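Each remark here refers to the structure printed beneath this line.
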Amino acid sequence: MKATTTSAIRALECPEEAPATAAGSPAAVRWRRARRARRALTVAAVLGLAAGGAAALVMWPQPRTAVPPAPGPGARALSAVETGTPAASADLTALIAERVRHLRAHPRDDESWAVLGAAYTERGERSGDSADLPRAQRALESSLAARPEGNARALTASARLALARQDPRAAAGQAERAVRIAPKRWPGYPPLIDAYRGLGDDKAAGKALETLRGLRAPEVVVRFAAARLYRDRGWREDAAANLGDAVVAARSATEEAAARRLLGELAAERGEPERALGWFDGALRVGPDRSEALAGRARALAALGRSGEAVRVYREAYAGRPVPEYALELGELHESLGAERDARERYDVVRERVRERDAHGVRGGLLLGALDADHGDADAVGAAVSLLRDEAEARGGSPVVLDAYAWALFRAGEVATADALYREVRQKGGRGALFAYHRAEVALALGDPGSARRGFREVLRVNPFVSPLVGVRVRSALAELGEPPSGGPEVTHGPAQPVTSPSPSPSPS
């Protein structure tokens with residue numbers, strides 16, 4: 001603005017040379033009057049600028065401001081990986097290519113190595129190709145080698161990589177180091193929250209979320225973190241409210257699609273497949289990556305009894321993102337339809353994909369243990385108990401892992417041990433339709449039909465579509481149990497035991 005102002009003043013003061021005439025001539029008098037008028041105008045302009053007068057500036061035409069171009073694929077992906085929010089696979093590929101070219105010329109750029117590692121991790125998650133995860137590890141090791149101290153960016157990306165490898169304990173360690181180095185740097189907190197969630201440490205996750213709220217994080221980041229934690233706690237309405245805000249605050253189509261997909265999953269968990277289908281269809285209309293929303297749509301279609309469509313959509317989802325979780329769900333749908341051969345083929349695919357991911361550092365014990373506990377022979381069930389015991393030790397008090405371990409114990413015939421573990425899981429916050437179903441089966445095996453009946457009815461009340469096989473089993477079990485006998489609690493639960501008053505406690509001195 002200074003240069004513009006100076007040139008404007010110069011133009012006003014010296015528009016032309018004075019006429020070469022006598023001082024008292026009429027022409028000279030007119031020139032002096034014009035010069036005084038121009039000087040007065042100049043002084044007014046300068047005073048207006050000094051006083052911050054924008055009105056003075058409008059006297060001169062302003063240059064047109066060019067509209068900034070929309071960010072390219074690499075810039076969009078960079079914004080996403082630096083904030084830990086979803087990015088489109090195509091954008092991530094563009095960002096990876098840009099960083100690789102840059103690092104060939106600048107191999108000691110620790111920040112670019114960290115960005116490259118985060119991009120590989122995110123692309124591996126989005127595409128289902130676990131081969132990207134070792135690439136991410138090598139990039140992050142290069143970043144830490146270039147800057148071994150104070151490298152919070154690389155540590156944060158390392159925490160996300162550990163989460164992608166199903167290792168929340170390692171993720172917590174890396175994220176804790178990142179926030180110790182830079183406690184006011186908010187990108188370290190979302191992976192820390194997710195790591196604590198994976199370990200079942202609800203208190204620590206809640207504390208980290210409150211810290212994140214106090215920092216200048218984008219609203220969509222806070223909303224996603226809060227929704228995931230509230231969903232774990234069973235606060236589905238609070239989770240849905242945060243995801244609704246995330247839809248509005250989304251800065252990209254990928255973020256909006258992720259929020260809509262999670263809203264669909266919440267609706268499905270509430271036993272509302274029609275509403276879930278609407279959210280999944282909305283995510284498919286918005287987002288560039290379709291596989292996760294397609295898998296959700298397939299679940300909703302199966303719950304609505306549209307099994308043929310569900311099989312087709314599951315296959316489309318797996319083709320775009322070949323993760324073993326989708327193969328397991330499709331196998332169980334085939335089994336519920338009586339297609340045993342197709343189911344076995346899908347279960348073999350699960351085992352093959354778990355082995356491939358294991359070679360890339362991804363823990364597969366939870367998924368493989370759940371598969372063998374539900375669909376394996378006696379030897380496989382025994383192996384599932386061992387696998388899930390290891391997972392429970394590695395993941396601390398996660399209710400999801402403890403539930404799976406207790407179920408494997410039950411399937412192996414250790415009913416009393418499973419029952420004791422389920423009591424612990426309940427204290428740690430175990431909830432949901434699948435958890436209620438498992439507890440009901442244990443109660444039935446222990447000869448407690450009243451508790452079993454209540455558990456099976458809870459499944460139908462919370463989410464009767466928890467899985468095709470569970471839904472069929474729950475209705476069959478309730479039909480076998482029938483209605484509770486009349487006659488009050490003495491008939492249902494046996495005669496009441498006498499209650500004795502406790503001895504009085506000694507009075508304090």
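Because only heavy atoms are used, hydrogens play no part in the values below, and waters and symmetry mates are left out as well, while side chains stay in. Owing to the predicted nature of the structure, the values given are computational and were not obtained by experimental measurement.
If you take CZ on Arg475 and CD on Glu480, they are separated by 14.5 Å, rounding to the nearest 0.5 Å. Distance CH2/Trp235 to CZ/Arg431: 9.0 Å, rounded to 0.5 Å. Distance check, rounded to the nearest 0.5 Å: CG of Leu284 to CG of Leu277 gives 9.5 Å. Taking NZ of Lys184 as the start and OH of Tyr189 as the end, the distance is 7.5 Å to the nearest 0.5 Å. Between the CZ atom in Arg290 and the OG atom in Ser89 there is a gap of 13.0 Å [rounded to 0.5 Å]. How far OG of Ser451 is from CZ of Phe456: 11.0 Å, rounded to the nearest 0.5 Å.
Salt bridge present: Arg423 and Asp419 bring a charged side-chain N and a carboxylate O closer than 4.0 Å. Checked for salt-bridge contact, Arg346 and Glu329 miss the test: no charged N lies under 4.0 Å from a carboxylate O. A salt bridge links Asp132 to Arg135: at least one charged side-chain nitrogen sits closer than 4.0 Å to a carboxylate oxygen. Of the charged side-chain nitrogens involved, none lies within less than 4.0 Å of a carboxylate oxygen, so that Arg395 and Asp390 do not count as a salt-bridged pair. Comment: Arg453 does not engage Glu483 in a salt bridge, judged by the lack of any side-chain N to carboxylate O separation of less than 4.0 angstrom. Between Arg357 and Glu325 there is a salt bridge, since a side-chain N of the basic residue sits under 4.0 Å from a carboxylate O of the acidic one. A salt bridge links Glu265 with Arg261: the distance from a Lys NZ or Arg NE/NH1/NH2 to an Asp or Glu carboxylate oxygen falls below 4.0 Å.
Using modelled atom types and a 3.5 Å distance limit, the side chains of His375 and Glu332 yield a donor-acceptor pair. In this structure, a donor-acceptor pair under 3.5 Å is present between the side chains of Glu335 and Tyr347. Side chains of Tyr314 and Glu309: a donor-acceptor N/O pair is absent below 3.5 angstrom, by distance only. Looking at Arg185 and Thr156, their side chains do bring a donor and an acceptor atom within 3.5 Å of each other. Side-chain contact of Arg76 with Ser252: a donor-acceptor pair under 3.5 Å is absent, judged by distance alone. Of the N and O atoms on the side chains of Asp202 and Tyr196, not one donor lies less than 3.5 Å from an acceptor on the other residue.
Distance alone, capped at 3.5 Å, is enough to place a donor-acceptor pair between the Arg411 side chain and the Ala373 backbone. No donor-acceptor pair closer than 3.5 Å links the side chain of Arg126 to the backbone N or O of Ala88. Remark: side-chain polar atoms of Thr211 are paired, donor with acceptor, to backbone N or O of Lys207 under 3.5 angstrom. For the pair Arg165 (side chain) and His360 (backbone), a donor-acceptor distance under 3.5 Å is present. Checking side-chain atoms of Arg123 against main-chain N and O of Gly128 turns up no donor-acceptor pair under 3.5 Å. Using modelled atom types, one side-chain atom of Arg169 and one backbone atom of Ala394 make a donor-acceptor pair closer than 3.5 Å. A side-chain donor-acceptor contact under 3.5 Å links Asn242 to the backbone of Asp238.
Across all non-hydrogen atoms, the minimal contact from Gly206 to Arg233 is CA-NH2, 3.7 Å.
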Could you give me the CA-CA distance, side-chain angles and deciding distance for Val385 and Arg389, then say whether side-chain contact (heavy atoms from CB on, under 4.5 Å) is met?
CA-CA 6 Å; Val385 170; Arg389 183 188 298 115; 3.5 Å; yes

CA sep, side-chain torsions, deciding dist, call: Leu460, Leu478, side-chain contact (heavy atoms from CB on, under 4.5 Å)
CA-CA 10 Å; Leu460 296 182; Leu478 282 173; 3.4 Å; yes

Taking it one step at a time, do Glu458 and Arg439 satisfy side-chain contact (heavy atoms from CB on, under 4.5 Å)?
CA-CA 11 Å; Glu458 182 180 347; Arg439 286 189 294 112; 3.5 Å; yes

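In this structure, Arg270 places its CZ atom where more than 12 heavy-atom neighbours from other residues, nucleotides or ligands lie under 6.0 Å away. Applying the 6.0 Å contact sphere to CZ of Arg213 captures more than 12 heavy atoms from other residues, nucleotides or ligands. Environment of CZ in Arg473: crowded, with over 12 heavy atoms of neighbouring residues, nucleotides or ligands closer than 6.0 Å.
Between Phe435 and Trp407, the distance separating the two ring centers is not shorter than 6.0 angstrom.
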